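The structure under discussion appears below in the form of structure tokens.
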There are 2 protein chains.
Amino acid sequence: MAIEPAGGRVTVHDLARAAGVSLATIDRVLNARPGVRPATAARVEEAIARIGFKRDMTASMLARARDIRLAFILPEGTNQFMTKLAEAVETIGAQARAERVVFDLDRIRSIDAQALSDALDALDADTYDGAAIVAIDKPAVHAAVARATGRGLKIITLVSDLPGSARRAFVGIDNAAAGRTAGSLMGRFCPQGGKIMLVAGSMGLIDHAERISGFRSIVSSEFPAVSVLGPVEGQDEFTLTYERTLAFMGEHPDIVGVYNVGAGNAGLVMALTEAGLAGKVRFVAHELTGPTCAGLNSGVIDVVIVQSPEDEIRAVWAAARRLVLGPDAAPPESPIEIKVFLRDNLR
Amino acid sequence: MAIEPAGGRVTVHDLARAAGVSLATIDRVLNARPGVRPATAARVEEAIARIGFKRDMTASMLARARDIRLAFILPEGTNQFMTKLAEAVETIGAQARAERVVFDLDRIRSIDAQALSDALDALDADTYDGAAIVAIDKPAVHAAVARATGRGLKIITLVSDLPGSARRAFVGIDNAAAGRTAGSLMGRFCPQGGKIMLVAGSMGLIDHAERISGFRSIVSSEFPAVSVLGPVEGQDEFTLTYERTLAFMGEHPDIVGVYNVGAGNAGLVMALTEAGLAGKVRFVAHELTGPTCAGLNSGVIDVVIVQSPEDEIRAVWAAARRLVLGPDAAPPESPIEIKVFLRDNLR
DNA sequence: ATAAAAATGAGGTACGTACGTCAAAAATGC
DNA sequence: GCATTTTTGACGTACGTACCTCATTTTTAT
């Protein structure tokens with residue numbers, strides 16, 4: 001059974017004939033250009049539905065005068081996850097370029113609302129169709145997003161959202177659900193109950209706070225024998241995480257599990273090893289990085305919960321196509337998956 | 001920092017100039033047409049690398065006289081996973097069609113090597129570029145794949161492979177790794193040890209056997225306190241699975257976990273409920289279907305291990321592009337992910 | 001050296017849409 | 001009803017590659 005009728009493709013010419021208008025009018029409707037009466041536009045829409053016209057993206061992209069151009073504004077330095085995001089921008093960008101979607105990468109000082117705002121203001125609407133930003137929830141950023149949107153740029157928030165702003169799409173995971181997933185696993189890992197040590201970069205980071213909140217809610221409601229301690233805040237840094245978690249384990253030598261919602265896993269692994277608890281307590285971490293992969297393979301880390309940078313960049317790509325070319329230009333958006341990796345299903 | 005040099009695109013014209021040959025020769029090399037001396041082809045390849053020419057897939061697909069046409073030959077009926085695969089063929093097919101890749105769906109009698117062989121023989125090489133089949137490891141199928149390949153068709157095996165045949169690609173998961181993943185989870189769920197009941201459709205099915213083998217190897221090497229019983233074979237059917245697992249639990253009322261590598265989860269849930277064990281034993285199942293989703297939400301099933309039909313169809317799509325248009329026509333193949341779902345990270 | 005075969009060049013058309021220009025028709029305000 | 005604005009039509013070019021034909025050059029076999 002063929003999914004579509006035989007060979008013939010339905011083109012704009014067929015559509016023009018079916019709607020009883022000229023090609024020029026079809027073009028105006030399809031590309032949302034001005035100068036079409038609502039009644040005429042409705043006739044075209046009706047004809048589109050009636051004859052099942054689908055814009056040929058292949059020809060559409062070819063005929064477009066210029067590529068879709070997207071700026072990625074990412075924080076630089078410290079965070080290994082951001083480095084992976086940046087790598088994914090290059091990797092996926094190479095694929096997108098073959099389909100005439102070009103990514104530019106701009107790295108700014110970390111957690112600096114002014115730098116982000118400046119970078120947004122510097123975007124030329126004649127060069128760029130839009131930008132993807134890792135948002136910081138500050139008034140200056142809201143204002144810059146509003147200004148950019150006013151210039152016709154489509155702003156997409158990535159990983160960290162900016163609710164209530166003029167941003168046109170958000171790409172990222174549900175961090176509370178990620179925390180609940182960690183809690184469900186940890187609870188099942190510890191049927192006899194016990195103490196769990198929470199570790200975070202900073203409770204000032206929204207995603208960290210949301211994960212901890214999700215973790216707590218599941219554990220308290222479904223695993224009453226388990227108690228949750230902390231969080232220990234290590235600023236996502238190696239040394240600080242090492243020192244503070246080691247000290248914490250000194251005070252609580254009877255912990256049965258560790259959940260780290262942030263980075264700094266290398267320091268945590270070292271602290272666990274030093275405390276003689278490596279492999280003896282269950283350990284759930286986030287993001288596949290050098291330390292977490294090593295931890296999985298050595299058996300110190302049991303589970304890593306992952307938001308795939310590649311998935312996210314691909315989702316930004318699709319969102320940009322939808323925003324610039326219309327809703328049919330890419331498959332409808334679906335939430336970014338929360339992936340669960342053990343040593344055994346690591347790619 | 002821009003990922004690629006400014007605006008100008010490198011076209012076949014630039015390539016012809018750089019290689020010192022005509023457009024016709026470029027075309028012959030790019031599309032593997034005959035009539036080019038190896039020395040000339042080498043010069044072109046060198047120029048491609050030197051100036052960084054990338055074929056514009058957008059224009060390439062547009063200029064192709066005909067679409068890429070792919071037949072999906074899937075077993076019909078019984079298996080709910082196959083139904084989901086078929087749905088994914090339609091869903092992803094709608095997206096692929098916009099990029100001039102057309103899927104046709106052909107459903108044949110289940111586990112019938114002759115029907116599969118006949119369906120392959122019926123494929124016209126002038127109409128189709130290739131086919132994706134859920135392979136059955138029988139000589140008749142090997143021969144039919146060889147004949148189809150001889151006619152110029154690209155055969156891709158899906159879910160179930162046909163090693164040693166003329167098939168050009170395989171799309172599916174590593175079932176031993178899936179079993180190991182299940183074993184790792186189950187072992188951590190049962191730190192105090194205990195008996196695990198294995199359930200399968202049939203040990204005659206290669207994927208089922210591989211999963212069980214992977215499960216056993218992990219449990220025996222890493223969780224010696226856990227013992228593995230079974231497998232109980234339920235033919236992937238509701239009633240048979242219900243009856244046999246219920247009887248088995250009568251003989252072993254002290255099991256602490258269940259791992260079902262196949263279908264029939266509705267019957268298993270019913271048996272567990274009747275035995276008063278629902279929610280009291282850890283339960284790992286495969287594939288997101290009606291019964292497994294319900295089981296996750298009700299708390300009877302703890303974890304579902306998943307191969308995504310959509311991922312697999314998309315991978316077939318990419319493989320077909322690579323086989324028909326060349327290696328650059330799609331991102332390089334990557335293994336199908338083994339996904340782990342709990343109630344909390346269910347989409 | 002000559003004939004045959006193979007390799008290469010030159011140039012065109014086609015794919016379906018985007019986007020421009022200019023004129024003609026229709027709707028609108030007064 | 002007239003002038004003005006808005007809407008619509010007609011038509012052409014461009015995008016980058018595929019694929020075709022035919023002439024011409026180069027290589028290979030004899």
Side-chain angles (χ1 to χ4, degrees), chain A residues 7-17 19-44 47-48 51-68 97-102 129 321 324-326 328-329, chain B residues 7-17 19-44 47-48 51-68 97-102 129 321 324-326 328-329:
Chain A
R9 184 174 300 278
V10 180
T11 75
V12 281
H13 295 85
D14 305 319
L15 178 56
R17 213 173 315 115
V21 299
S22 73
L23 274 179
T25 299
I26 295 295
D27 180 67
R28 292 179 183 115
V29 172
L30 285 181
N31 296 291
R33 290 183 232 284
V36 180
R37 271 181 305 170
T40 310
R43 265 168 57 211
V44 173
I48 289 176
I51 69 176
F53 169 82
K54 293 274 187 190
R55 187 195 323 228
D56 185 329
M57 293 314 301
T58 274
S60 171
M61 291 306 291
L62 177 59
R64 269 179 64 91
R66 60 195 202 85
D67 299 336
I68 292 179
R97 197 187 43 188
E99 297 181 18
R100 311 173 80 89
V101 177
V102 179
D129 296 279
R321 286 185 58 145
V324 175
L325 304 173
D328 292 332
Chain B
R9 182 174 302 278
V10 180
T11 76
V12 282
H13 294 85
D14 306 319
L15 179 56
R17 213 173 313 116
V21 300
S22 72
L23 274 179
T25 299
I26 294 296
D27 180 66
R28 292 181 182 112
V29 173
L30 285 181
N31 297 291
R33 292 183 229 285
V36 181
R37 270 179 307 172
T40 310
R43 265 167 57 211
V44 173
I48 288 176
I51 69 175
F53 170 81
K54 293 273 184 190
R55 187 194 324 225
D56 185 331
M57 292 314 301
T58 274
S60 172
M61 291 306 290
L62 177 58
R64 270 178 64 92
R66 61 196 201 85
D67 298 338
I68 292 179
R97 197 187 44 187
E99 296 181 18
R100 309 173 81 89
V101 178
V102 179
D129 296 279
R321 286 185 59 146
V324 175
L325 303 173
D328 292 333

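Just so it is clear, the model here is predicted, and its values are computed rather than measured. We name chains A, B, ... by the order of the sequence lines, and we start the count at 1 in each one.
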Inset, instruction - Please list residues of residues 31-39 of chain B whose heavy atoms come under 4.0 Å from any atom in DNA chain D, ordered by number; otherwise none. - result: B:Asn31, B:Arg33, B:Arg37

Legend entry - Value rounded to 0.5 Å, distance of OG1 in B:Thr58 from CZ in A:Arg64: 11.0 Å

Inset, instruction - If a protein heavy atom is under 4.0 Å from the base, mark B; if only from the sugar-phosphate, S; if neither, -; do that for nucleotides 9-16 of chain D going 5' to 3'. - result: BB----BB

Legend entry - Nearest heavy atoms of A:Ala41 and A:Val36, plus distance in Å: N-CG1, 3.8 Å

Inset, instruction - Taking all non-hydrogen atoms of both residues into account, name the closest pair between A:Ser22 and A:Ala16 and its distance. - result: C-CB, 4.1 Å

Inset, instruction - Decide, yes or no, whether a salt bridge links B:Arg9 with A:Asp67 under the criterion of side-chain N to carboxylate O below 4.0 Å. - result: yes

Legend entry - Atom pair distance, as rounded to whole Å: CG in B:Asp27 and P in C:dG9: 12 Å

Inset, instruction - Might you point out which heavy atoms bring B:Leu30 and B:Phe53 nearest each other, and give the distance in Å? - result: CD1-CE2, 3.9 Å

Legend entry - Close side-chain approach of B:Thr40 to B:Arg28, heavy-atom, < 4.5 Å: no

Inset, instruction - Decide yes or no for B:Arg17 and B:Ile51: does some side-chain heavy atom of the first lie under 4.5 Å from some side-chain heavy atom of the second? - result: no

Inset, instruction - Specify the separation, in whole Å, of atom CE of B:Met57 and atom C1' of D:dT17. - result: 10 Å

Legend entry - Distance, rounded to the nearest Å, where A:Asp67 contributes CG and C:dC19 contributes P: 12 Å

Inset, instruction - Please tell me if the side chains of B:Val12 and B:Asp56 come closer than 4.5 Å, counting only heavy atoms from C-beta onward. - result: no

